[in-house]
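The next block holds one structure in the form of structure tokens; read it before the comments.
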Number of protein chains: 4
Amino acid sequence: MDQPLTARWKRRKEARPQEILEAALAVFAEKGFAATRMDDIAVRAGVTKGTIYLYFDSKEEVFKSLVRQTIGDTLTQIADRVAAYEGSARALLITVLRAIGTLLRTSDRVVLPKIVLAESGNFPELVRFYRFEIIEKGLGVLTSILARGIAQGEFRAVPPQHAARLCVAPLLLGALWRTTFAPLDPEPYDIEALIETHIDVLLRGLAKEGGEA
Amino acid sequence: MDQPLTARWKRRKEARPQEILEAALAVFAEKGFAATRMDDIAVRAGVTKGTIYLYFDSKEEVFKSLVRQTIGDTLTQIADRVAAYEGSARALLITVLRAIGTLLRTSDRVVLPKIVLAESGNFPELVRFYRFEIIEKGLGVLTSILARGIAQGEFRAVPPQHAARLCVAPLLLGALWRTTFAPLDPEPYDIEALIETHIDVLLRGLAKEGGEA
Amino acid sequence: MDQPLTARWKRRKEARPQEILEAALAVFAEKGFAATRMDDIAVRAGVTKGTIYLYFDSKEEVFKSLVRQTIGDTLTQIADRVAAYEGSARALLITVLRAIGTLLRTSDRVVLPKIVLAESGNFPELVRFYRFEIIEKGLGVLTSILARGIAQGEFRAVPPQHAARLCVAPLLLGALWRTTFAPLDPEPYDIEALIETHIDVLLRGLAKEGGEA
Amino acid sequence: MDQPLTARWKRRKEARPQEILEAALAVFAEKGFAATRMDDIAVRAGVTKGTIYLYFDSKEEVFKSLVRQTIGDTLTQIADRVAAYEGSARALLITVLRAIGTLLRTSDRVVLPKIVLAESGNFPELVRFYRFEIIEKGLGVLTSILARGIAQGEFRAVPPQHAARLCVAPLLLGALWRTTFAPLDPEPYDIEALIETHIDVLLRGLAKEGGEA
DNA sequence: GATGAATGAGCTTTCATTCAT
DNA sequence: GATGAATGAAAGCTCATTCAT
């Protein structure tokens with residue numbers, strides 16, 4: 001009967017960092033990095049300020065942990081699926097865009113890139129991380145799909161490095177919209193429809209003459 | 001003490017607020033809102049901290065002035081030109097996208113929306129302003145072009161409120177790229193080419209069957 | 001869980017306070033009182049912070065224990081030997097100064113008075129202890145030797161309470177030098193030679209005309 | 001009539017750092033470095049915490065300024081006088097020791113070395129400064145006097161680097177006594193008499209056979 | 001109008017101490 | 001007896017803001 005007690009404690013200790021990160025995410029999302037006080041995070045996590053410093057060296061480190069943990073996984077999964085995929089580039093592109101779209105519509109995490117963007121002047125290191133880990137990888141996946149589609153004669157010969165950005169741009173806009181303007185909209189803006197329209201227009205725009213007919 | 005001093009003061013007096021705003025823009029762009037100190041702005045403007053408070057009530061007010069003054073004019077100009085335009089929606093859309101594109105590639109002002117996004121939680125009022133003054137107006141212009149194109153049989157019947165966002169999304173991405181990641185790129189990323197590719201793909205995607213051929 | 005653990009615990013139990021004090025001495029010597037963290041002591045003693053509080057009420061109490069235990073014994077021994085001594089005051093003084101000198105050159109303990117001096121404002125009680133237990137006793141020993149020497153016609157009639165301080169001053173200086181400046185010296189300063197010079201000059205200075213010849 | 005106002009203000013601005021240093025000296029003397037709070041200094045100086053940071057970068061910098069400003073001057077003056085002196089080494093040595101002695105008996109500044117000693121672990125830089133600027137210079141002066149005396153046949157051939165330390169050791173002890181134990185003494189300890197006894201004993205100890213007679 | 005010395009609230013961070021396990 | 005997670009009271013430092021000059 002004493003096992004459970006120890007177990008609960010241990011579980012708590014291991015759960016703490018995650019609890020803190022979750023609280024931090026919520027507060028960062030609401031106030032941005034600079035305006036967030038360690039006290040805010042602590043209260044939300046149900047601990048005191050000091051406890052945060054048991055697990056993280058500084059406010060900046062809390063933020064970095066949040067960013068690092070958040071995005072890499074999903075992206076890697078998508079990259080793997082893409083690499084394994086056999087079939088039309090068109091169908092694959094649709095699948096990937098919808099997957100990312102769903103993520104953007106549902107995850108709380110999408111506020112983080114916003115903060116990185118905004119306070120980029122204060123986090124050069126984090127900007128590098130984003131640029132070369134997240135974005136490079138993401139654009140790489142899309143570029144490879146596009147290149148495959150061009151090679152297979154499905155797509156027109158558009159420059160892939162630009163086209164890849166065209167693929168994500170509306171998704172990014174959707175994410176920014178949701179996290180910034182959505183609460184103000186008199187009636188909720190339908191991001192899913194935005195993405196479907198994007199897919200429709202984009203694929204037509206990429207298609208070889210008569211390819212989509 | 002003597003006349004000349006007073007005269008010089010007077011001459012400067014009217015220019016002061018604008019000088020301060022320009023200095024503030026530079027510093028905000030570099031550091032974000034929270035990390036910008038009034039002292040930074042003052043030094044850059046060649047005045048002392050106290051002087052700023054002669055013209056602005058607070059740091060927040062400096063920022064708001066900057067935002068308010070910045071974008072409205074250009075947008076109104078574009079809206080006017082669009083309203084007066086007669087000719088193909090296609091050509092008009094190209095013109096408008098290139099105009100905005102040029103702006104994004106050259107203006108210092110584009111950092112401001114980034115900051116507004118980032119600190120939206122701290123500036124709800126400013127977010128409203130952006131949402132209903134700037135974005136509403138901008139999307140309105142694009143929506144009207146698209147609607148005209150659809151009505152004239154140039155474009156397919158895509159939902160204009162979504163398509164309008166598709167038009168600006170790559171421009172937004174370009175702006176964010178320039179202000180955030182450009183310094184890190186080993187070779188400069190060609191935003192102009194991005195915009196031209198965007199125009200190419202977008203117009204094909206919008207075009208009625210055989211319309212662009 | 002099993003017997004051996006308990007046994008080991010018990011064995012350690014009595015040694016713990018001393019282990020902690022030894023660790024504390026090392027850290028206090030290195031960092032001074034205020035800059036020493038309980039964690040530092042704990043780590044060095046191979047226990048956890050909490051354990052220290054099983055044996056000592058506070059950081060201050062750890063320090064006090066250290067001081068109290070440290071010097072009294074040696075001094076008492078010296079005092080006893082002096083009281084029992086029969087022979088020339090001159091030879092006795094040399095013996096005592098060399099004994100203290102050796103102590104200062106070898107013991108880690110000499111940092112403690114330094115800390116007491118430094119933080120005297122924060123430890124009035126400890127200053128009293130030093131003043132009336134350690135110093136009083138030490139000066140008493142020296143004063144008695146000097147008085148005996150004067151009475152026996154070995155020394156000139158110098159005021160003993162001042163001369164006693166003259167006897168220890170160079171030893172004190174040697175201790176401070178070792179614990180403060182020694183690491184910076186390009187070549188090690190020879191404290192033993194200092195003490196021998198001191199003995200030489202001092203005894204000549206004290207000697208009755210023609211006494212030392 | 002407006003001149004005085006400006007003048008008073010300006011004088012105030014120029015006086016501030018000195019006022020702060022004086023307050024800091026008092027508090028450091030009372031509590032040591034680590035236990036001194038910036039607030040303590042501020043209150044004593046009649047300003048607020050923030051004001052201190054207008055003139056000094058950090059608490060450490062306040063302390064360093066205090067040390068730097070304090071001792072160098074006096075020492076340089078003494079060194080100059082010694083270099084210019086012509087006459088017996090014996091008389092010169094007496095003059096110098098009395099000069100330093102007077103300083104130690106009257107100046108508030110003598111607590112500073114105590115603090116440097118005590119917190120040497122935390123101020124390696126300051127220890128270097130003391131070691132190579134103050135002590136080196138001080139010992140240099142004394143060594144040169146002693147060497148001159150030996151060359152002129154006034155003093156015995158004692159090793160000057162050790163003998164120089166013997167000259168200052170009782171002065172140092174006097175300073176430590178005054179700043180640490182004096183308040184506890186039932187009747188005030190007569191430091192002047194200590195110094196005179198020191199001069200007496202020392203010079204006899206150094207004197208060539210029959211030299212002092 | 002302009003200055004800049006002064007303010008003081010508020011922040012991040014540290015660490016002696018406690019106590020459930 | 002021992003642990004170590006958690007606490008919370010400071011403390012150093014920053015900076016938007018004020019106001020006497």
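Because the structure is a prediction, the values reported are computed rather than measured. A, B, ... follow the sequence lines: proteins, then strands. Residue 1 opens every chain.
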Looking at residues at least two apart in the chain, or sitting in another chain, which of them share a side chain to side chain donor-acceptor pair (under 3.5 Å) with [X]?
{"X": "D:T36", "answer": "none"}
{"X": "C:R37", "answer": "C:D40"}
{"X": "B:R109", "answer": "none"}

Legend entry - Residues from residues 25-35 of chain B lying under 4.0 Å of DNA chain E - heavy atoms: none

Legend entry - With sequence neighbours excluded, residues passing salt bridge (Lys or Arg N to Asp or Glu O under 4.0 Å) with A:E60: A:K64

Inset, instruction - Could you pull out all residues at least two apart from D:E22 that satisfy salt bridge (Lys or Arg N to Asp or Glu O under 4.0 Å)? - result: none

Inset, instruction - Decide yes or no for C:L126 and C:V67: does some side-chain heavy atom of the first lie under 4.5 Å from some side-chain heavy atom of the second? - result: yes

[atom1] of [X] versus [atom2] of [N]: gap in Å, rounded?
{"X": "B:N122", "N": "F:dA16", "atom1": "CG", "atom2": "P", "value": "14 Å"}
{"X": "C:I41", "N": "E:dC15", "atom1": "CD1", "atom2": "P", "value": "13 Å"}
{"X": "B:I52", "N": "E:dG4", "atom1": "CD1", "atom2": "C1'", "value": "13 Å"}
{"X": "C:R37", "N": "E:dT17", "atom1": "CZ", "atom2": "C1'", "value": "15 Å"}
{"X": "C:D39", "N": "E:dT17", "atom1": "CG", "atom2": "P", "value": "13 Å"}
{"X": "D:D57", "N": "F:dT14", "atom1": "CG", "atom2": "P", "value": "8 Å"}
{"X": "A:D40", "N": "E:dG10", "atom1": "CG", "atom2": "P", "value": "13 Å"}
{"X": "A:M38", "N": "F:dG8", "atom1": "CE", "atom2": "C1'", "value": "15 Å"}

Below 4.0 Å: OP1/OP2 of [N] and any side-chain N or O of [X]:
{"X": "C:K59", "N": "E:dA16", "answer": "yes"}
{"X": "A:T51", "N": "F:dT7", "answer": "yes"}
{"X": "D:Y53", "N": "F:dC15", "answer": "no"}

Legend entry - Options E:dT7, F:dA2, E:dA2, nucleotide nearest the side-chain atoms of C:Y55: F:dA2

Legend entry - salt bridge (charged side-chain N to carboxylate O under 4.0 Å, His left out) contacts touching residues 43-52 of chain B (sequence neighbours left out): B:E30-B:R44, B:D39-B:K49

Legend entry - Test: B:R16 and B:E19 ion pair at under 4.0 Å: yes

Inset, instruction - By nearest nucleotide on DNA chain E, pick out whichever of D:G50 and C:T36 is the more 5' one. - result: D:G50

Inset, instruction - Classify the side chain of B:K49 versus the base of F:dT17 as yes if they form a donor-acceptor pair under 3.5 Å and no if they do not. - result: yes

Legend entry - B:Y53: partners by ring-ring contact (aromatic ring centres under 6.0 Å, His included), with sequence neighbours left out: none

Legend entry - Heavy-atom pair of closest approach, residues A:L21 and A:V62: CD2-O, 3.7 Å

Inset, instruction - Find the runs of at least 3 consecutive base pairs, i with j, i+1 with j-1 and so on, that include DNA chain F, using Watson-Crick or G-U wobble geometry with both distances under 3.5 Å. - result: E:2-21 with F:2-21

Legend entry - Toward the 5' end of DNA chain F, by each residue's nearest nucleotide, B:S58 or D:S58: D:S58

